[in-house]
Participant: 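The structure is given below, and queries will be raised subsequently.
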Amino acid sequence: MNVIECKNLTHYYGKKLVYEKLSFNVKEGSILGLLGKNGTGKTTTINILNGFLHPQNGECLIYGENTQNLSPQNKARIGFLIEGHVQYAFMNIHQIEKFYSKFYPKWDNAPYWQLMSKLQVSPKQKIATMSCGQRSQVALGLILAQDPDLLILDDFSMGLDPGYRRLFIDYLREYAKEKNKTIFTTSHIIQDMERLIDDLLIMDFNRVLAQRDVKSFMQEFKQFYLELDDPSVDISNEDFVINSEKVSNKLELYTYESEDTILNFLKNNGIAHKNFRQVKMGLEDAFIGLTGKY
């Protein structure tokens, strides 16, 4: 079952095209990460999903209903974390939990207090005295306590230090899998996504570069390194080359083709080289290889 179905989304800001005919689905119980550089449409997509923004063309459905006109019943099944993490800064973390609990019939404060214990903050600590990262976790704890079936999270790890990010991401994945929650999320920190997501959607300006499960993407997308005898050789425009970077005679090559295919191409075209090898990549390396450094 697809919890989210987006079909042929097209959106402009003025005359600037954000994307055209973007389509994707999010399966129930899965965690999908939307990845892309700044300006490629991540927050735009979040705003379409939460109904704040109407696309020029296409539609998004959540639980079978258009996101521009969700019923109260389906709205109650969704937890949104939007960029900025707006809270009542004059309250402390105990007061804000009690305040929010009055609005949600399914309120379960256990996840909230589990996150607060990991932050190691006092129940009487005011939101105003917290760091940006701590505030984001208060906001997320309040969302988890609503017990939503679908979580839509925009840049959920903003402001967190590396150690706490790791701890929190492991907690969030375990929570989602144990309770069969569905998550649609974005993050600028790709290392976080590698530990969290099942599926990815990588966007560039005006187009989708990859849309698949993380495991198969990481198996099939490859980086090769080699040193050319003739530094003037240029293979960047060959069909099998997704991206490449060359400094002097040192070439980094990104492709979906196999090692044998690349070696046969070099041999058949008389391209002398040495130190050829495949380079092991993490998701951040693969993301940069697919989208480019600039």
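Note that this is a predicted model, so its numbers are computed, not measured. All values below come from the heavy atoms of this structure, side chains included, with hydrogens, waters and symmetry mates left out.
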Participant: State plainly whether one hydrophobic cluster holds both Tyr225 and Met218, where clusters connect Ile, Leu, Val, Met, Phe, Trp and Tyr through side-chain heavy atoms under 4.5 angstrom apart.
Facilitator: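 No: no chain of side-chain contacts under 4.5 Å links Tyr225 to Met218.
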Participant: Whether Arg212 and Glu220 form a salt bridge (side-chain N of Lys/Arg under 4.0 Å from carboxylate O of Asp/Glu) is what I want to check.
Facilitator: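 Salt bridge between Glu220 and Arg212, a charged N being under 4.0 Å from a carboxylate O: yes.
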Participant: Can a side-chain donor-acceptor contact be found between Tyr19 and Thr44 if the only test is distance below 3.5 angstrom?
Facilitator: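 Side chains of Thr44 and Tyr19: no pair found under 3.5 Å.
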Participant: Which of these passes ring pair (Phe, Tyr, Trp, His ring centres under 6.0 Å) with Phe240: Tyr256, Phe265, Tyr254?
Facilitator: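 The residue from Tyr256, Phe265, Tyr254 that satisfies ring pair (Phe, Tyr, Trp, His ring centres under 6.0 Å) with Phe240 turns out to be Phe265.
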Participant: Taking 4.0 angstrom as the limit, do Asp147 and Lys181 come out as a salt bridge?
Facilitator: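 Yes, this pair counts.
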Participant: Between Lys267 and Asp260, does at least one N-O distance fall below 4.0 Å, as a salt bridge requires?
Facilitator: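 No, no charged N to carboxylate O under 4.0 Å.
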Participant: Taking only residues two or more places apart in sequence, or in another chain, which ones meet Leu17 in a side-chain contact (heavy atoms from CB on, under 4.5 Å)?
Facilitator: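 Leu17 satisfies side-chain contact (heavy atoms from CB on, under 4.5 Å) with Thr10, Tyr12, Glu20, Asn206 only.
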Participant: Does either side chain, that of Ser236 or that of Asp234, offer a donor lying less than 3.5 Å from an acceptor on the other one?
Facilitator: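 Their side chains do contain a donor-acceptor pair, which is all the 3.5 Å distance test asks for.
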Participant: State whether the number of non-hydrogen atoms from other residues, nucleotides or ligands found under 6.0 Å of Asp239 atom CG is greater than 12.
Facilitator: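 Check fails, neighbour count at 12 or below.
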Participant: Below 3.5 Å, can you tabulate the donor-acceptor pairs from side chains in residues 271-286 to any protein atom, sequence neighbours excluded?
Facilitator:
unit_1	atom_1	unit_2	atom_2	d
His273	ND1	Ile271	O	3.1
Asn275	ND2	Glu227	OE1	3.1
Asn275	ND2	Glu227	OE2	3.3
Asp285	OD2	Gly282	N	2.9

Participant: Nearest 0.5 Å please: distance from the CG atom of Leu144 over to the CD atom of Gln114.
Facilitator: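 Answer rounded to 0.5 Å: 9.0 Å.
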Participant: Check whether the ring centres of Phe52 and His54 lie less than 6.0 Å apart, and answer yes or no.
Facilitator: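 For Phe52 and His54, the ring centres are not under 6.0 Å apart.
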Participant: Identify, with sequence neighbours excluded, every residue that meets side-chain contact (heavy atoms from CB on, under 4.5 Å) alongside Ser71.
Facilitator: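 With neighbours one apart ignored, the set is Glu65, Gln73, Asn74.
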